[in-house]
There are 2 protein chains.
Amino acid sequence: MLSPSNIHVPDRCRTVTEILSRVGDKWTVQVVMRLGGGPKRFNELRRMVEGVSQRMLTLTLRGLERDGLVTRTVFPTIPPRVDYALTGLGCSLLKTVRELGEWAIENREEILEARRRFDEGESSPASDAA
Amino acid sequence: MLSPSNIHVPDRCRTVTEILSRVGDKWTVQVVMRLGGGPKRFNELRRMVEGVSQRMLTLTLRGLERDGLVTRTVFPTIPPRVDYALTGLGCSLLKTVRELGEWAIENREEILEARRRFDEGESSPASDAA
DNA sequence: CGGAATCCTATAGGATACTG
DNA sequence: CAGTATCCTATAGGATTCCG
């Protein structure tokens, strides 16, 4: 159904870019990954993600909810309780994102080494011209 | 070799987050995808990516080069010519990123519809309480 | 507990002008 | 052509305070 991914369709590019900018933000992926372990409460997530501010967790979850990636369930108890869980769509995203994560882990060392080499070359640019 | 991806290793999380923040920036993915079609010159890329400023293209390419994802080849001619090409590492990233792209394309409509529903519900929050 | 609102700063990134 | 340098603005996002 899809045409081969190596042809350039502007509309698709925009789609991909748009989705990636959501996925690429500072917290979305981490939140999705934690939710991969099952539904979580707000502060539970807050503790798990570590480093996220309350504000950003709220915004991140709102965005995910808006895109149909997580559900938000309110229990009108006192104190209130709110559960967040991945939808089917969210699970499929998690799966894909995990693959990117695997790539990152597998190639971490190679990237870090390339980075070291690059930074070395930058600091002494005349060394190889001799 | 890798432990299952469903256990939480802080170090890995940081790696994934770090890599994703590179991939998730505004231009990296688009540049990598265009380079998937073979080596490109600077202004050639500039025209293909469409919307990218010269400054950001430079920064994006520098970042990719630093991480060992693209090579930069200078031909000391006049006018100068510089070719950018994916490395093996860059190709493997492209492959993974394309999968995320496929996901985005496949689920585009579902996401957009979820978004519409969400925005509707927000604008008339009392409608379902009746 | 689970937010919303406000304030403030750091950074991303665009536009422009200059250079080898 | 392929950058670099500078300036400027918009946005992301942290810290804090208040609320049901």
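Chain identifiers are assigned alphabetically (A, B, ...) following the order of the sequence lines, protein sequences preceding nucleic acid strands; residue numbering begins at 1 within each chain.
At whole-Å resolution of the value, CG in B/Leu57 and P in D/dA2 are 10 Å apart.
No path of Ile, Leu, Val, Met, Phe, Trp and Tyr side chains, each step under 4.5 Å between heavy atoms, connects B/Leu89 with A/Phe118, placing them in separate hydrophobic clusters. A single hydrophobic cluster is seen to contain both A/Val31 and A/Val82, as judged by linkage of ILVMFWY side chains at heavy-atom distances under 4.5 Å, directly or through other members.
Checking B/Arg81 against A/Gly51, the closest nucleotide of DNA chain D that is more toward the 5' end is the one next to B/Arg81. Annotation: of the two residues near DNA chain C, B/Ser53 and A/Glu44, the 5′-most nearest-nucleotide partner is A/Glu44.
Under the 4.5 Å side-chain criterion, counting only non-hydrogen atoms from C-beta, B/Leu94 is not in contact with B/Leu69. You'll find the side chain of A/Glu113 stays beyond 4.5 Å of the side chain of A/Glu109, heavy atoms only. Side-chain contact between A/Leu64 and A/Tyr84 is absent, with no heavy atoms from C-beta onward closer than 4.5 Å.
When DNA chain C is scanned in the 5' to 3' direction for atoms under 4.0 Å from non-hydrogen atoms of chain B, the outermost contacting nucleotides are C/dG13 to C/dG20.
Side-chain atoms of B/Thr96 come within 3.5 Å of backbone atoms of B/Ser92 as a donor-acceptor pair (strictly under, hydrogens ignored).
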Please enumerate all protein N or O atoms sitting under 3.5 Å from an N or O of nucleotides 3-6 of chain D, with distances to 0.1 Å.
unit_1, atom_1, unit_2, atom_2, d
D/dG3, OP1, B/Arg72, NE, 3.2
D/dG3, OP1, B/Arg72, NH2, 2.5
D/dG3, OP2, B/Tyr84, OH, 2.6
D/dG3, N7, B/Gln54, NE2, 2.5
D/dT4, OP1, B/Arg62, NH2, 2.5
D/dT4, O4, B/Gln54, OE1, 3.1
D/dT4, O4, B/Gln54, NE2, 2.5

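Of the charged side-chain nitrogens involved, none lies within less than 4.0 Å of a carboxylate oxygen, so that A/Glu102 and A/Arg98 do not count as a salt-bridged pair. By the 4.0 Å N-to-carboxylate-O rule, A/Arg22 lies too far from A/Glu18 to be salt-bridged with it.
B/Arg46 has no side-chain polar atom (N or O) that falls below the 4.0 Å cut-off from OP1 or OP2 of D/dA2.
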